[in-house]
Number of protein chains: 4
Amino acid sequence: MPKNAIAPQSHWEAFASRRRDPASKREAVLQTAACLFLEKSYRRTSLDDVARRLNITKPALYHYFRNKEDILLGCYRWGTTLIEEGLNRIAADCGSGLAKVEAFIYSYANVMTVNFGRCVMRLDEGDLSSEALAEVRRYKRKIDRRLRSFIQEGIEDGSIAPCDPKLTAFAIAGALNWICMWYEPEGPLTPGEIAAQFARTLTRGLMRPARRAASRRVLAMRAAGGNNISS
Amino acid sequence: MPKNAIAPQSHWEAFASRRRDPASKREAVLQTAACLFLEKSYRRTSLDDVARRLNITKPALYHYFRNKEDILLGCYRWGTTLIEEGLNRIAADCGSGLAKVEAFIYSYANVMTVNFGRCVMRLDEGDLSSEALAEVRRYKRKIDRRLRSFIQEGIEDGSIAPCDPKLTAFAIAGALNWICMWYEPEGPLTPGEIAAQFARTLTRGLMRPARRAASRRVLAMRAAGGNNISS
Amino acid sequence: MPKNAIAPQSHWEAFASRRRDPASKREAVLQTAACLFLEKSYRRTSLDDVARRLNITKPALYHYFRNKEDILLGCYRWGTTLIEEGLNRIAADCGSGLAKVEAFIYSYANVMTVNFGRCVMRLDEGDLSSEALAEVRRYKRKIDRRLRSFIQEGIEDGSIAPCDPKLTAFAIAGALNWICMWYEPEGPLTPGEIAAQFARTLTRGLMRPARRAASRRVLAMRAAGGNNISS
Amino acid sequence: MPKNAIAPQSHWEAFASRRRDPASKREAVLQTAACLFLEKSYRRTSLDDVARRLNITKPALYHYFRNKEDILLGCYRWGTTLIEEGLNRIAADCGSGLAKVEAFIYSYANVMTVNFGRCVMRLDEGDLSSEALAEVRRYKRKIDRRLRSFIQEGIEDGSIAPCDPKLTAFAIAGALNWICMWYEPEGPLTPGEIAAQFARTLTRGLMRPARRAASRRVLAMRAAGGNNISS
DNA sequence: CATGAATGAGAGTTCATTCAT
DNA sequence: TATGAATGAACTCTCATTCAT
């Protein structure tokens with residue numbers, strides 16, 4: 001998994017030499033495209049923009065991607081992979097339902113500060129072809145179902161106060177997804193701070209009064225261990 | 001997080017007769033445009049699309065709006081006005097900080113289910129010219145500041161547990177803004193239900209343990225009074 | 001049915017005024033396009049070429065046709081209509097099988113000297129979409145079946161010597177179709193001469209020895225009557 | 001007049017081993033290109049298509065041919081050579097004018113079922129540069145003149161009924177050339193059958209009444225001898 | 001020799017905007 | 001007032017051809 005180039009750093013070095021790992025060139029294209037898509041939106045980003053920033057010509061892009069949408073889809077896939085990796089770690093981390101929700105929030109919030117992660121939730125799905133759209137929707141639904149199941153689990157094991165899992169999941173996911181709208185790499189808040197604060201704030205509303213103390217431990221653990229999502 | 005069908009209501013009746021006040025025609029254009037912008041995004045919506053749905057010709061639109069962006073800006077302004085009306089009601093409704101936050105959530109959630117309200121948070125700001133963008137940003141910042149001030153007020157009057165007002169506001173606003181992404185007019189959840197549930201869920205995380213009972217009263221009050229925002 | 005502009009005469013007068021019969025503009029586009037398609041082939045003819053010759057700009061073409069292929073299809077349809085009109089006249093002209101074949105040759109040869117008719121047999125079918133291709137193929141098969149049925153009829157009524165209708169039809173159709181490859185409007189041979197000669201030459205090989213005299217009458221009749229196919 | 005499937009034989013074996021005479025590689029390229037040109041037309045066939053089918057890379061083609069047109073010209077030349085070989089055999093075969101015409105038809109029809117032969121008459125001359133075009137035209141005119149001279153000879157020696165040699169040649173050549181449009185290698189008709197039938201049908205219209213019997217002998221001779229043109 | 005990479009030129013198409021009626 | 005027609009600019013994508021290794 002790649003570095004998360006959040007700032008519009010240039011990736012054109014990957015194209016400096018002809019003989020160079022094609023995979024790294026593909027990645028350079030995706031990183032650059034993700035930046036531009038977030039800056040100006042997919043539609044306003046022309047392939048010339050992408051090529052110019054990489055110091056190559058437009059048709060060269062067609063060596064690595066079938067068409068513009070293929071680049072977009074590449075960004076989506078990279079982002080959903082990041083999210084999924086987080087989810088898999090959490091599934092293994094067998095704690096209470098509340099602990100899982102908290103871990104989910106922490107992990108997901110982190111991804112929402114990585115360019116590829118931001119693409120998943122911020123770019124307009126309408127720019128995807130129907131097949132690609134189906135694929136992306138499948139991913140998103142999966143994530144949603146996981147969160148709901150964590151909440152359900154928490155209600156059942158008593159770590160979470162009774163509530164409507166669907167709407168609660170919407171609220172949590174909304175708060176998290178919106179991070180990709182306001183987060184700025186150069187801003188004062190680090191991804192870690194955001195993740196930690198969101199984990200605390202959003203879980204507070206879920207706990208049963210008696211269990212509040214328990215969550216503190218989870219947070220402490222998280223802050224100590226290097227649960228860094230941006231591999 | 002599914003695609004949301006915008007109410008396919010037709011506004012072309014406003015153009016059926018020649019003698020009709022221009023204001024209602026302007027509104028008809030905006031309503032139709034808002035629908036289309038939400039369905040297909042601003043960029044993918046051509047003026048031909050708008051004109052066709054209104055049963056008029058494209059240049060006719062230029063009688064009511066200077067250009068395409070002017071239509072977009074009209075949608076934004078209508079939406080921000082809706083939000084602001086809610087805010088003004090709340091400012092007058094002098095309760096505790098927590099009560100104001102709760103009222104804010106209720107009001108705002110409702111607006112996020114109205115097309116014009118959804119436009120404000122869902123459409124891509126990048127499609128606005130720099131001046132229009134500045135105007136919209138001013139509005140959004142104002143809303144954000146209000147929410148933060150309500151939270152601050154709650155912390156000071158003791159109705160809200162100590163927290164970082166900025167990040168807390170981000171979390172609440174995010175959960176609310178995201179409504180406009182998943183809400184479907186034809187779906188099972190009514191705006192009122194969503195608003196009430198979100199008000200309850202999101203405020204639970206804010207309260208000081210001892211004060212929980214207080215919030216119940218606010219919700220009851222709200223359910224009784226017809227604080228209906230939808231234009 | 002239009003004049004058959006064989007020479008590359010200019011049709012731009014149709015676009016001289018904005019307010020002008022759209023149908024005539026459509027026709028002007030088709031006439032011009034047919035000329036260019038025959039001159040340079042469909043692929044080498046750019047829409048700019050067509051527009052330039054009509055003294056309009058490229059996007060203006062999109063007012064009258066959905067896309068480039070639509071223009072091509074328009075040419076095909078016009079041509080097949082010309083052919084079909086001839087066929088219908090012959091069906092009504094109830095003579096012997098041989099007489100029908102002869103009339104077919106005469107009529108068809110004439111069409112092969114008209115631009116739209118030439119398009120049908122000379123342009124590359126591979127440039128059509130699969131649907132359009134199916135439509136054109138349907139037409140061509142129909143023509144082929146008609147010719148074979150005329151031959152069969154002639155064999156049965158004794159006016160044509162026994163032969164394989166399929167291969168004979170191929171030979172006749174081939175000789176006729178090839179006209180569109182070598183015919184030049186400015187050349188020494190007039191469409192009428194070509195048609196008459198081909199009718200005579202190609203039917204000679206079909207007749208039963210005893211019946212030769214009969215065909216002379218048909219030819220005489222044809223030469224006298226104004227069975228002119230070009231509009 | 002259906003689409004005709006070109007024998008999908010693969011010629012890439014010629015490139016399987018490095019040690020292979022360049023001539024056979026050149027031929028492999030031409031065979032493959034001819035197939036593709038007939039399938040999809042010259043313009044729609046990219047050099048990538050050719051290279052892919054030969055299991056080599058695109059620039060490798062430039063070792064054997066100067067450019068794309070050079071490949072096209074190679075196909076034309078191969079085809080015209082095939083035709084010419086037939087003509088030379090006939091010139092030596094000193095029979096009556098009618099016999100020569102018949103032999104011409106038989107030989108030419110056969111060539112029209114071979115890919116290279118089909119290329120000559122089916123591909124778009126407009127894709128040739130002016131020099132190459134001149135060369136190809138020279139060949140074609142030569143063929144046409146030969147046919148006309150055979151007819152003239154026949155008229156003079158009394159084996160052919162008086163007619164206009166030019167138009168008669170056009171009719172015969174057209175019927176033959178069109179074979180390359182409808183012939184299918186996998187179809188029910190073999191090249192030999194087609195050639196024989198066309199020779200019979202087309203000469204019937206030329207003969208003087210008294211001489212019909214003579215032609216039978218020519219055909220019988222042809223059927224016996226292996227005058228097979230297909231390389 | 002052979003190849004992956006890169007390019008320049010050009011095509012079709014869309015669309016906001018403006019003219020002319 | 002309102003409209004059909006027209007345009008210019010922009011964008012995606014293709015492909016023959018040539019480098020550089």
Side-chain angles (χ1 to χ4, degrees), chain A residues 15-22 25 42-51 54-71, chain B residues 15 18-19 22 25 42-51 56-72 127, chain C residues 15-22 25 42-51 54-71, chain D residues 15 18-19 22 25 42-51 56-72 127:
Chain A
F15 283 88
S17 154
R18 283 203 169 197
R19 291 263 178 261
R20 199 120 167 195
D21 178 20
K25 293 191 182 180
Y42 175 75
R43 285 300 270 238
R44 268 185 304 278
T45 303
S46 78
L47 290 184
D48 266 320
D49 292 332
V50 179
L54 286 165
N55 257 78
I56 58 172
T57 60
K58 186 165 46 173
L61 294 172
Y62 284 85
H63 275 280
Y64 302 96
F65 296 91
R66 280 204 309 281
N67 50 33
K68 193 187 178 188
E69 196 211 329
D70 199 23
I71 298 179
Chain B
F15 283 88
R18 292 218 167 190
R19 290 276 164 259
K25 293 191 183 177
Y42 175 75
R43 286 299 272 234
R44 268 187 302 278
T45 302
S46 77
L47 289 186
D48 269 317
D49 292 332
V50 179
I56 60 172
T57 61
K58 190 164 45 170
L61 294 172
Y62 283 83
H63 278 276
Y64 301 98
F65 297 91
R66 282 205 310 282
N67 50 32
K68 195 186 178 190
E69 195 212 330
D70 198 21
I71 299 179
L72 178 60
D127 289 314
Chain C
F15 283 88
S17 154
R18 284 204 168 195
R19 292 264 176 260
R20 199 122 167 194
D21 178 21
K25 292 191 183 179
Y42 175 76
R43 286 299 270 238
R44 267 185 306 279
T45 302
S46 78
L47 290 185
D48 267 319
D49 290 334
V50 179
L54 286 165
N55 258 76
I56 59 173
T57 60
K58 186 166 49 171
L61 294 171
Y62 284 83
H63 275 279
Y64 302 96
F65 296 90
R66 281 204 307 282
N67 49 33
K68 194 186 179 189
E69 195 211 330
D70 199 22
I71 298 179
Chain D
F15 283 88
R18 293 217 165 190
R19 290 276 162 259
K25 293 190 183 178
Y42 175 74
R43 285 300 270 235
R44 269 186 302 278
T45 302
S46 77
L47 289 186
D48 268 318
D49 291 333
V50 180
I56 59 172
T57 62
K58 189 163 46 170
L61 294 172
Y62 283 85
H63 277 278
Y64 301 99
F65 296 90
R66 280 205 310 282
N67 50 31
K68 194 186 178 190
E69 196 212 329
D70 199 21
I71 298 179
L72 177 60
D127 289 314

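Below, read A as the first sequence line, B as the second, and so on, with proteins coming before strands; counting in each chain starts at 1. Quick caveat, the model's predicted, so the values are computed rather than measured.
- Put simply, CZ on B/F65 is 16 Å from P on E/dT18, counting in whole angstrom units.
- For the pair C/N67 CG and E/dT13 C1', the interatomic distance rounds to 9 Å; values are reported in whole Å.
- Remark: C1' of F/dT7 and OH of C/Y64 are 13 Å apart, rounded to the nearest angstrom.
- If you take OH on B/Y42 and CD1 on B/I71, they are separated by 7.5 Å, rounding to the nearest 0.5 Å.
- Between the side chain of A/H63 and the base of E/dA5, no donor-acceptor pair under 3.5 Å is found.
- Cation-pi check for A/K68 over A/Y62 is not met; the charged atom does not lie both under 6.0 angstrom from the ring centroid and within 45 degrees of its normal.
- For DNA chain F, runs of at least 3 consecutive pairs of the Watson-Crick or G-U wobble type, with both hydrogen-bonding distances under 3.5 angstrom, map to E:2-21 with F:2-21.
- Every residue meeting the side chain to side chain donor-acceptor pair (under 3.5 Å) condition with D/D48, not counting sequence neighbours, appears here in chain and number order: D/K58.
- Of the two residues near DNA chain E, A/L61 and D/T57, the one whose nearest nucleotide lies more 5' is D/T57.
- Between the CG atom of C/D21 and the P atom of F/dG4 there is a distance of 15 Å, rounded to whole Å.
- Distance C/E69 CD to E/dG12 P: 13 Å, rounded to the nearest Å.
- The 5' end of DNA chain E is approached more closely, in terms of each residue's nearest nucleotide, by A/I56 than by the other of A/I56 and B/D49.
- Distance from the side chain of A/S46 is smallest for F/dT12 among the nucleotides E/dA5, E/dG12, F/dT12.
- Remark: P of F/dT18 and CZ of D/R66 are 12 Å apart, rounded to the nearest angstrom.
- The nearest whole Å value for the distance from the CG atom in C/D48 to the P atom in E/dG10 is 11 Å.
- Here D/Y62 does not reach the OP1 or OP2 of F/dA16: none of its side-chain N or O atoms lies under 4.0 Å away.
- Shown here for B/L61 and B/L47, the closest heavy-atom pair between the two residues is CD1-O, 3.7 Å.
- For the residue pair C/A51 and C/T57, the shortest heavy atom distance occurs at CB-C, 3.6 Å.
- A residue-by-residue look at A/R44 and D/K58 shows that A/R44 has its nearest nucleotide of DNA chain F further toward the 5' end.
- Note that the CZ atom of D/R44 and the CZ atom of C/R43 stand 5.5 Å from one another [nearest 0.5 Å].
- Here the P atom of nucleotide E/dT14 and the CG atom of C/D70 are 12 Å apart, to the nearest Å.
- Distance alone, capped at 3.5 Å, is enough to place a donor-acceptor pair between the B/D49 side chain and the B/S46 backbone.
- Projected onto DNA chain F by closest heavy-atom contact, A/K68 and B/P59 fall at different nucleotides, the more 5' of which corresponds to B/P59.
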